[in-house]
Amino acid sequence: MAEPLPLRPPPPLLDDACALFLDVDGTLIEFAARPDAVQLLPDVREAIGRISDRLEGAVALVSGRPLEQLDQLFAPLKLPAAGLHGHELRAQDGHVIRDEHGDDTADWLHALHQQAMRFAHGHPGVLVENKGVGLALHWRGAPHAANDVRAFADRHIRGRASYRLQPGDHVVEFVPVATNKGRAVRRLMQYLPFRGRLPVFLGDDLTDEFGFDAANGLHGWSVLIGEREPSVAVFALPDIRSVHAWLRENAY
């Protein structure tokens with residue numbers, strides 16, 4: 001009996017007119033109990049660098065991590081990037097653009113962080129990640145606390161029109177309402193060397209649906225890593241290992 005056709009085909013190889021946008025966690029690296037415990041395989045870093053050279057610098061990271069963490073993880077490679085879901089944006093010239101917010105945001109985030117720390121103290125295994133302009137609650141180390149984490153987040157976002165909740169893989173984040181990966185892709189596409197190219201976005205999580213939508217809207221390729229449904233992605237790769245293989249194949 002013939003094997004059933006996959007719901008989404010694998011992406012074709014990149015051509016020289018493409019621009020590549022890469023999510024990081026869950027796409028290039030496996031998740032870990034703590035965000036600072038992950039590692040990028042050296043040969044994957046090398047493949048990304050070779051692709052960047054081939055595409056004349058049109059390779060960018062698009063991540064919920066801040067730029068500082070991305071640079072540490074990918075060093076010595078320093079790519080154009082969108083950090084904190086696009087709140088921080090760095091084009092090829094190295095200039096960083098950060099969105100501005102209201103004067104009361106810092107006080108609210110400080111209070112939210114204190115409340116989240118007290119909540120985590122009562123829920124061992126829950127991790128609070130302070131991202132400066134946002135805050136993430138991870139429950140990978142406490143899967144039984146998922147409903148309590150979601151309830152905490154729902155309760156504390158009420159009445160805050162300038163922020164929204166962004167669910168992810170064993171995490172929920174408080175992020176500025178206008179900040180998302182799709183906006184980041186569209187903004188980067190306005191700069192050289194991305195401008196005029198075909199955007200190709202790889203990602204695995206709910207946060208990446210914004211990036212998929214942006215790539216589709218710009219007549220590019222959207223590539224889902226894994227089998228999560230529903231998704232607007234057109235192509236798919238089954239796992240991180242297959243992403244690594246695809247990158248290596250595109251590097252030569």
Side-chain angles (χ1 to χ4, degrees), residues 23-40 61-75 81-89 96 98-181 183-184 203-211 228 240:
D23 170 51
V24 176
D25 295 88
T27 297
L28 299 177
I29 56 177
E30 300 284 355
F31 289 105
R34 297 184 60 88
D36 58 358
V38 301
Q39 290 185 336
L40 180 68
L61 306 173
V62 184
S63 173
R65 291 176 178 267
L67 292 180
E68 182 180 7
Q69 286 186 17
L70 293 175
D71 289 344
Q72 291 171 354
L73 187 59
F74 283 79
L84 300 175
H85 302 282
H87 174 78
E88 302 176 319
L89 201 72
V96 176
R98 291 182 174 88
D99 291 337
E100 298 294 333
H101 297 290
D103 294 338
D104 64 335
T105 297
D107 290 340
W108 174 73
L109 285 170
H110 178 69
L112 175 64
H113 182 249
Q114 291 182 317
Q115 293 160 352
M117 292 299 292
R118 286 194 292 269
F119 171 83
H121 182 73
H123 296 76
V126 171
L127 174 66
V128 179
E129 185 183 8
N130 185 357
K131 295 189 174 185
V133 73
L135 183 139
L137 287 166
H138 301 262
W139 66 83
R140 188 172 301 277
H144 58 278
N147 289 338
D148 288 344
V149 172
R150 294 190 188 101
F152 174 91
D154 288 339
R155 187 166 64 251
H156 285 83
I157 201 66
R158 289 175 194 157
R160 195 72 195 181
S162 60
Y163 270 70
R164 65 179 178 87
L165 294 180
Q166 175 60 66
D169 191 326
H170 292 81
V171 64
V172 63
E173 296 189 52
F174 294 79
V175 299
V177 68
T179 299
N180 64 70
K181 293 183 178 182
R183 178 171 177 256
D204 71 301
D205 209 348
L206 288 171
T207 64
D208 300 309
E209 290 296 321
F210 294 102
R228 177 182 51 78
I240 292 174

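In what follows, residues are counted from 1 in the order of the sequence shown. As the structure is a prediction and not an experimental result, all values here were calculated from the model.
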Are the side chains of [X] and [Y] in touch, meaning some heavy atoms are under 4.5 Å apart?
| X | Y | value |
| --- | --- | --- |
| Asp23 | Lys181 | yes |
| Trp139 | Val149 | yes |
| Asn180 | His85 | no |
| Leu84 | Val175 | no |
| Asp148 | His123 | yes |
| Phe210 | Arg183 | no |
| Leu165 | Arg160 | no |
| Val128 | Leu135 | yes |

Taking every non-hydrogen atom, the tightest pair across [X] and [Y]:
| X | Y | value |
| --- | --- | --- |
| Leu109 | Val133 | CD1-O, 3.6 Å |
| Asp25 | Ser63 | OD1-OG, 4.4 Å |
| Arg164 | Val177 | NE-O, 3.6 Å |
| Gly86 | Ala184 | CA-CB, 3.8 Å |
| Ala82 | Leu70 | O-CD1, 4.4 Å |
| Val171 | Ala136 | CG2-CB, 3.9 Å |

Report the distance from atom [atom1] of [X] to atom [atom2] of [Y], rounding to the nearest 0.5 Å.
| X | Y | atom1 | atom2 | result |
| --- | --- | --- | --- | --- |
| Leu127 | His170 | CG | NE2 | 13.5 Å |
| Arg150 | Arg155 | CZ | CZ | 14.5 Å |
| Phe174 | Ser162 | CZ | OG | 12.0 Å |
| Leu73 | Gln39 | CG | CD | 9.0 Å |
| Asp204 | Ile240 | CG | CD1 | 7.0 Å |
| His156 | Leu137 | NE2 | CG | 9.5 Å |

Could you point out which residue of Glu88, Glu68, Glu173 forms a salt bridge (Lys or Arg N to Asp or Glu O under 4.0 Å) with Lys131?
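When salt bridge (Lys or Arg N to Asp or Glu O under 4.0 Å) is applied between Lys131 and each of Glu88, Glu68, Glu173, only Glu173 qualifies.
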Is a side-chain donor or acceptor of Asp205 paired with a backbone partner of Thr207 at a separation under 3.5 angstrom?
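No.
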Test Glu129 against His113 for side-chain contact (heavy atoms from CB on, under 4.5 Å), laying out the working first.
CA-CA 9 Å; Glu129 185 183 8; His113 182 249; over 6 Å; no
Phe74 vs Leu28, side-chain contact (heavy atoms from CB on, under 4.5 Å): CA-CA, chis, key distance, verdict:
CA-CA 11 Å; Phe74 283 79; Leu28 299 177; 3.7 Å; yes
Taking the six-membered ring where the residue is Trp, are the ring centres of Phe152 and Phe119 under 6.0 Å apart?
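Close enough - the centres of the two rings lie under 6.0 Å apart.
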